Amino acid sequence: MSGQAVADIGLIGLAVMGQNLILNMADHGFTVCAYNRTTSKVDAFLDNEAKGKAIVGAHSIEELCSKLKRPRRVMLLVKAGAAVDSFIEQLLPFLEKGDIIIDGGNSHYPDTNRRCDYLAEKGILFVGSGVSGGEEGARTGPSLMPGGAKDAWPHLKDIFQSCAAQTDGEPCCDWVGDQGAGHYVKMVHNGIEYGDMQLICEAYDMLKRGVGLTNQEIADVFEKWNNGVLDSFLIEITRDILKFTDDDGTPLVEKIMDTAGQKGTGKWTAINALDLGMPVTLIGEAVFSRCLSSIREERGRASERLAGPVIDKFSGDKAKIIDQMEQALYASKIISYAQGFMLMREAAKAYGWTLNNAGIALMWRGGCIIRSAFLGDITNAYKKNADLENLLFDDFFHAAIEKAQPSWRQVVAQGALWGIPTPAFSTALSFFDGYRAKRLPANLLQAQRDYFGAHTFRILPEFASEKYPIDTDIHVNWTGRGGNVSASTYDA
Ligand code: 2AM
């Protein structure tokens, strides 16, 4: 079946995200053609949510393509993986050179790289776009992170930037970079989201078990924090969750099993950080914390055998420790974002992408799950200095972390004394102390490596001599036994 080319964009995948994005696009004056593998969903959508709007339907890929204005723009919002490849193959016979396919799903960036290259050979412009903000974001304004074939951008800019969330008059959507850069940045966004959530959970745990506050009191703390430097969507929903009572009047959150699920984007971020050799420790701890939570039965057995400190009824200054925790959370969050941006900088180098940090921060400023006032400050930092080496070198964040430092140390120490785990708070502080250390104990580590494996070491410039020449891989016979053979590569 063919039709008139009436639609500005086609959208495949009518789960809630897809439906909401179509409605959002229609609200902004674009005509959308909807298609879904199970075509009964097309009819149901047209008869209900889409009724009376600038939305048409298609019952085949051919019909969909025939209804699109040129160059055709087709957006996929289907399950990541095989479904994306399957639709690409189904679309190809009905597309022409210069047409555009956008994958708005949660695809892993190497898949997007591959699809970009594959479709470039065929003259089709492929775009992988991160879409964040959940169902509500898709309907009212998500954060959109498109990357891939840049020639597609002039044809997408208007639709994407109109439908995206707007903050301070600017859209939370801009071109991210080549190939899978859009999906990459979305992956890091999700990793940072893991970190933010873990930090909030640690604060909740300390306030509950350490300070002894009720859920309502903790909700009030989050309410207060939401009016300060921690002002963010995740703090806000945490406040609401803590206030939410079940039919029996008790907080529902306390009835929820303490085993965290994960879909993989946090893990991908951590794996990528390991691959690129970047110390993104907070996201790593956040992923491992979910893993630890999921071995619940084993923890149950451990809890009966392994004792820790008994937490006495809190007799200190509650207001003071609450303020200290706000500072600890803020400082840890600064570290997490600093690490995230370090990772993206390294990825840009490794993959040959040009990533615009201010633009990325602005894309995350609104619409998405990690949206916060804080991201406005990060945007400003990178706007002031696009080449900022590290977020911690920006005057604003430098001052913030200086101010927070004593409280942060107090909170991490208190967690350890109470025996309440604070992996994210703690790793953030350890990173900070490592990052600001001119000298780390890696000298000893290099000696150990050379001792047992002849892996060689380098001499500090001030100790260079004929015996230990500078910029040279040196091996020492530490034991007086064995040979003087050294491993051939120096891979510190
Ligand atoms: P469906 O309604 O026909 O199941 C979210 O699951 C979206 O992805 C839905 O629109 C779903 O279509 C689609 N989807 C999931 N797996 C798919 C596959 N293997 N092929 C095509 N569409 C798929």
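Just follow the structure's listing: the first ligand is 1, and inside any ligand the first atom is 1. Not measured: the values here are computed from a predicted model.
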For a side chain to side chain contact (heavy atoms under 4.5 Å, CB included) with Ile12, tell me which candidate from Val84, Asn36, Val78, Leu77 qualifies. Val78
Asn36, Val16, Val84: member with heavy atom nearest to atom 12 (O) of ligand 1: Asn36
Considering only heavy atoms of [X], which atoms of ligand 1 have at least one such atom less than 4.0 Å away?
{"X": "Gly13", "value": "10 (O)"}
{"X": "Lys41", "value": "1 (P), 2 (O)"}
{"X": "Leu14", "value": "10 (O)"}
{"X": "Phe87", "value": "21 (C), 22 (N)"}

Taking [atom] as the reference point, the nearest protein heavy atom with its distance:
{"atom": "atom 15 (C) of ligand 1", "value": "Lys79 CB, 3.7 Å"}
{"atom": "atom 14 (N) of ligand 1", "value": "Arg37 NH2, 4.0 Å"}
{"atom": "atom 5 (C) of ligand 1", "value": "Ala15 CB, 3.8 Å"}

With heavy atoms under 4.0 Å as the rule, classify the contact between Thr38 and ligand 1 as side chain, backbone, both or neither.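 Both backbone and side chain of Thr38 come within 4.0 Å of ligand 1.
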Taking the six-membered ring for Trp, are the ring centroids of Phe374 and Tyr337 within less than 6.0 Å of each other?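 So the answer is yes for these two rings.
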Output the distance between atom OG (Ser40) and atom CZ (Phe45), rounded to the nearest 0.5 Å.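 Between atom OG of Ser40 and atom CZ of Phe45 there are 13.5 Å.
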So how far is it from Phe126 CZ to Leu76 CG, rounded to the nearest 0.5 Å?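 Answer for the CZ-CG pair, Phe126 versus Leu76, is 7.0 Å.
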Could an N or O of ligand 1 be found under 3.5 Å from any N or O of Ser86, whether backbone or side chain? no
Could Lys157 and Asp174 be called an ion pair, given the rule that one side-chain N must be under 4.0 Å from one carboxylate O?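 A salt bridge is absent here (no side-chain N lies under 4.0 Å from a carboxylate O).
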Specify whether Trp268 and His108 have parallel, tilted or perpendicular ring planes, treating 30° as the upper limit for parallel and 60° as the lower limit for perpendicular. parallel
Modelled atom types, side-chain donor and acceptor of Asn272 and Tyr184, under 3.5 Å: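 The criterion, which ignores hydrogens and geometry beyond distance, is satisfied for Tyr184 and Asn272.
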